[in-house]
Amino acid sequence: MDSQENVLANEAQEEVKKVEENVVNAEITPEAETPAEAVTPAEENAPAEEPAEEVAAPAEETVEAVAEPVEEAVVETAEEVAEEQPAEDMAKKVYKTKQEVNERMKELAHGDETPSKEEVDHLKTVFYKLHFAEREANYKAYIDGGGDPEKYQVTPDMDEETFKAELGLIKEKRAKLFLEQENLKQENLKRKLDIIEKIKGMVTSPEEANRNYQEFKKLQQEWKDIKLVPAEKANELWRNYQLYVEQYYDLLKLNSEAREYDFKKNLGIKTRLCEAAEKLADEPDVISAFHQLQKLHQEFRETGPVAKELREEIWARFKAASTVINKKHQQHFDNLRSKEEDNLVRKTALCEKVEAIAKEENKGAGDWEKRTRQIIDIQAEWKTIGFAPQKMNVKIFERFRAACDDFFGKKAEYFKGLKAQFAENADKKRALIEQAKALQDSTDWKSTSDKLIALQKEWKTIGMVPKKLGDQLWNEFLGACNKFFEARNAAHAGTRSTERENLAQKRSIIAELKAITEDSAEDLQEKVQELVDKYQSIGHVPFKEKDKLYKEYHEVLDHLYDELHISTSRRRLDNFKSNIKNMAERGVDALDNERTRLMRRYESLKQEIQTYENNLGFLNAASKKGNSLIDEMNRKVQKLKDDCELVRQKIKAIDEENKEEE
């Protein structure tokens, strides 16, 4: 018996250690997750309680006497689990309004029943799901009604204040209950130690054991009635109790018939318990099966011994059935922990994405809106992910919310500044409109045209305003400009006949260019250039004929250049001169812009040529004649000089065109 006792005692000690490591801390969980802007509480279920490991069965008593059951160290844990089980039904109850949740919170805070962690967590999740859904609906209604997002303010919610107040009372109630339970455990420990001492005094002789049998039975019943004791004392208490109980039974003398009857009765009870435990393997609800198993273990412990030759067999059968349920229970929580770890990895990745987006530079409203959509998509994905491990769940959410708040805070500051800029831009455009209206009735065609074109150029330099207002201002400005230019065009209607004459002259020159392709004279290049110069000197043609004529002219010219092998630079200059007319039609600002661009290009090329020539000076002094690097740099310098000359000729052509316009 000593061997079996030691084995079971060691098993019980290990089981208690595992249970203590796996029991979930019964604190109230933090509030539901609610990231800033577009984030509502995630619909996540609180993690189920952690699994307890296998429960070791009590050692059977000796054959010589009918023994009462001996408690194990894990009784306390099993009882606590059993006490919490009825709360599961309330933890699954459906609530449709915040008021219903608060009514239940008041019942728990002010009633006599003990609030369970599972139900309080459930109430908390439901309340904040309803709370943030209501807040989001109010915000949407405000925006749909034309409200300004920057001026929206979240109004205080009395339901939330009530909920927090009742939650605080529940926390106090649970803390008080915990303290009372700790005091009760210490009192129970003292009582059980007294019982052990009393039994210890009965194991002096067989006669003493027989004489005190009824008192012994009362002490056993009193022991069973005492429940919770401090977990750290449970093993030692159980071993001492078992030691003196078995010593008592070793001394007790009872008749064989009564003993055999008790053995048979106990075998029937334990067989029934084995069958019930084996049937639990088919229970689909793993948590429920585990709780039912705890009750079976409690009854098994409280059932007396069976015949010595059947003890190992009946215990092995019960333990085997228990192992199946415990493994399923453990696997359930292993899977849950694995899923929570995966959730943590996914949530961490989403935090990193939002943090990276928040750090990116946004150059305009388009960038802000683009990245806002990205973050809203990330927030939607966040809500599809379940809980992270308990120790990290609040921390990872706080990190995510901080990243979202950082982005949307920066966005709010940007649009606040943009709003002020819009107002300033609108004032500038209104000023230009007043100037355009003051000029719209002028008949000083040349001067007023230049002024209005200058106003148009200035308009383009002014930044954005809201689209609706921008369209209104632009139409007003455009109306003033059009009124003047329509009057000017009507006054210059006589120029149309001139344009038709110009069209006829240019077509005649194109015909001459086509005829030249069949000529073999040596001065063909000079003739072509004369015709090109003559073509460029002719004024505007009717607008409808411009593109067609341009295409026909350049097709003939390109063919001639290919035939006569005229240099690329010359060809590019001629093409540019043809384009000058088109630019001039768009206004003086088009030519001015092109000239400014060419001047920048011209200065850049001169600087680059200077740099190469300086470098060539150093290389010529240090290198031998024929160095390939020097030859290559000379070719580059010549190419740059050719490009510089072409740019200079283009600038000259623009200046000549401007003189003609004047």
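Only this structure's heavy atoms are used, side chains among them; waters, hydrogens and symmetry mates stay out.
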Compare all side-chain heavy atoms of [X] with those of [Y] and state whether any distance is below 4.5 angstrom.
X	Y	answer
Thr162	Lys106	yes
Trp223	Ile199	no
Leu243	Ile196	no
Glu161	Pro156	no
Cys351	Trp382	yes
Phe300	Ile269	no
Leu184	Glu180	no
Ile357	Ile378	yes

Steps toward side chain to side chain contact (heavy atoms under 4.5 Å, CB included) verdict (Thr348, Leu344): CA-CA 6 Å; Thr348 300; Leu344 177 60; 3.9 Å; yes

Is atom NZ of Lys173 surrounded by more than 12 heavy atoms (other residues, nucleotides or ligands) closer than 6.0 Å? yes

Pairing residues for [X] by the side-chain contact (heavy atoms from CB on, under 4.5 Å) criterion, not counting sequence neighbours:
X	value
Asp377	none
Glu222	Arg191, Ile195, Leu219, Ile226
Ala277	Leu293, Leu296, Phe318, Ala321

Would you say [X]'s side chain and [Y]'s backbone share a donor-acceptor pair under 3.5 angstrom?
X	Y	value
Glu100	Lys96	yes
Asn343	Ile385	no
Thr384	Glu381	yes

Which distance, rounded to the nearest 0.5 Å, do you find between the [atom1] of [X] and the [atom2] of [Y]?
X	Y	atom1	atom2	value
Leu177	Glu182	CG	CD	10.5 Å
Ile314	Thr303	CD1	OG1	10.5 Å
Tyr244	Phe216	OH	CZ	13.5 Å
His122	Ser116	NE2	OG	10.5 Å
Leu193	Lys198	CG	NZ	12.0 Å
Lys227	Lys192	NZ	NZ	8.0 Å

Pairs flagged by ring-ring contact (aromatic ring centres under 6.0 Å, His included) wherever residues 162-182 is involved - sequence neighbours left out: Phe127-Phe163, Tyr128-Phe163

Parallel under 30°, tilted from 30 to 60°, perpendicular over 60°: which one fits the rings of His329 and Phe290? parallel

Using a strict threshold of under 4.0 Å (side-chain N to carboxylate O), is an ion pair present between [Y] and [X]?
X	Y	value
Glu398	Arg401	no
Glu160	Lys164	yes
Glu352	Lys347	no
Lys328	Glu283	no
Lys416	Glu413	no

Intermediate values then yes/no, salt bridge (charged side-chain N to carboxylate O under 4.0 Å, His left out), Arg317 and Glu278: CA-CA 9 Å; Arg317 179 179 178 183; Glu278 290 164 349; 2.8 Å; yes

What do the steps show when you test Gln331 against Asn335 for side chain to side chain donor-acceptor pair (under 3.5 Å), and what is the final call? CA-CA 6 Å; Gln331 184 63 44; Asn335 293 340; 2.7 Å; yes

Assess the residue pair Glu340 and Arg337 against the criterion (salt bridge (charged side-chain N to carboxylate O under 4.0 Å, His left out)); give the C-alpha distance rounded to whole Å, side-chain angles, the decisive distance to 0.1 Å, and a yes or no. CA-CA 5 Å; Glu340 289 175 348; Arg337 280 191 291 270; over 6 Å; no

Looking at residues at least two apart in the chain, or sitting in another chain, which of them share a salt bridge (charged side-chain N to carboxylate O under 4.0 Å, His left out) with Lys410? Asp406

Walk me through it: do Asp334 and Gln330 pass the test side chain to side chain donor-acceptor pair (under 3.5 Å)? CA-CA 6 Å; Asp334 287 344; Gln330 184 64 43; 3.1 Å; yes

Any chance you could lay out the side chain to side chain contact (heavy atoms under 4.5 Å, CB included) test for Val286 and Ile325, step after step, and finish with the verdict? CA-CA 8 Å; Val286 176; Ile325 304 305; over 6 Å; no

Just to verify, what does Asp157 make a side chain to side chain donor-acceptor pair (under 3.5 Å) with, not counting sequence neighbours? Lys98, His131

Assess, by modelled atom type and distance only, whether the side chains of Asn183 and Glu187 contain a donor and an acceptor separated by less than 3.5 Å. no

Residues Asn102 and Glu166: side-chain donor-acceptor under 3.5 angstrom: no

If you look at every heavy atom in [X] and [Y], which pair is closest and at what distance?
X	Y	value
Val120	Pro115	CG2-CB, 4.1 Å
Arg174	Lys117	NH1-N, 3.3 Å
Leu189	Val229	N-CG1, 4.1 Å
Leu130	Tyr95	CD1-O, 4.3 Å
Asn393	Ala388	OD1-N, 3.0 Å

Checking side chain to side chain donor-acceptor pair (under 3.5 Å) for the pair Thr271/Glu275: CA distance, chi angles, key distance, verdict? CA-CA 6 Å; Thr271 300; Glu275 292 171 350; over 6 Å; no

With side chain to side chain contact (heavy atoms under 4.5 Å, CB included) as the test, would you mind laying out the steps for Asp159 and Val101 before giving the verdict? CA-CA 10 Å; Asp159 288 332; Val101 176; over 6 Å; no

The test is salt bridge (charged side-chain N to carboxylate O under 4.0 Å, His left out); show your working for Arg104 and Glu107 and say whether it passes. CA-CA 5 Å; Arg104 179 56 181 162; Glu107 291 176 6; 2.9 Å; yes

Taking it one step at a time, do Arg399 and Glu355 satisfy salt bridge (charged side-chain N to carboxylate O under 4.0 Å, His left out)? CA-CA 9 Å; Arg399 177 181 176 183; Glu355 289 164 351; 2.8 Å; yes

Could you walk me through whether Asp121 and Glu118 satisfy the side chain to side chain contact (heavy atoms under 4.5 Å, CB included) test, starting with their C-alpha distance in whole Å, then the side-chain angles of each, then the deciding distance to 0.1 Å, before giving a yes or no? CA-CA 5 Å; Asp121 285 349; Glu118 288 75 11; 5.9 Å; no

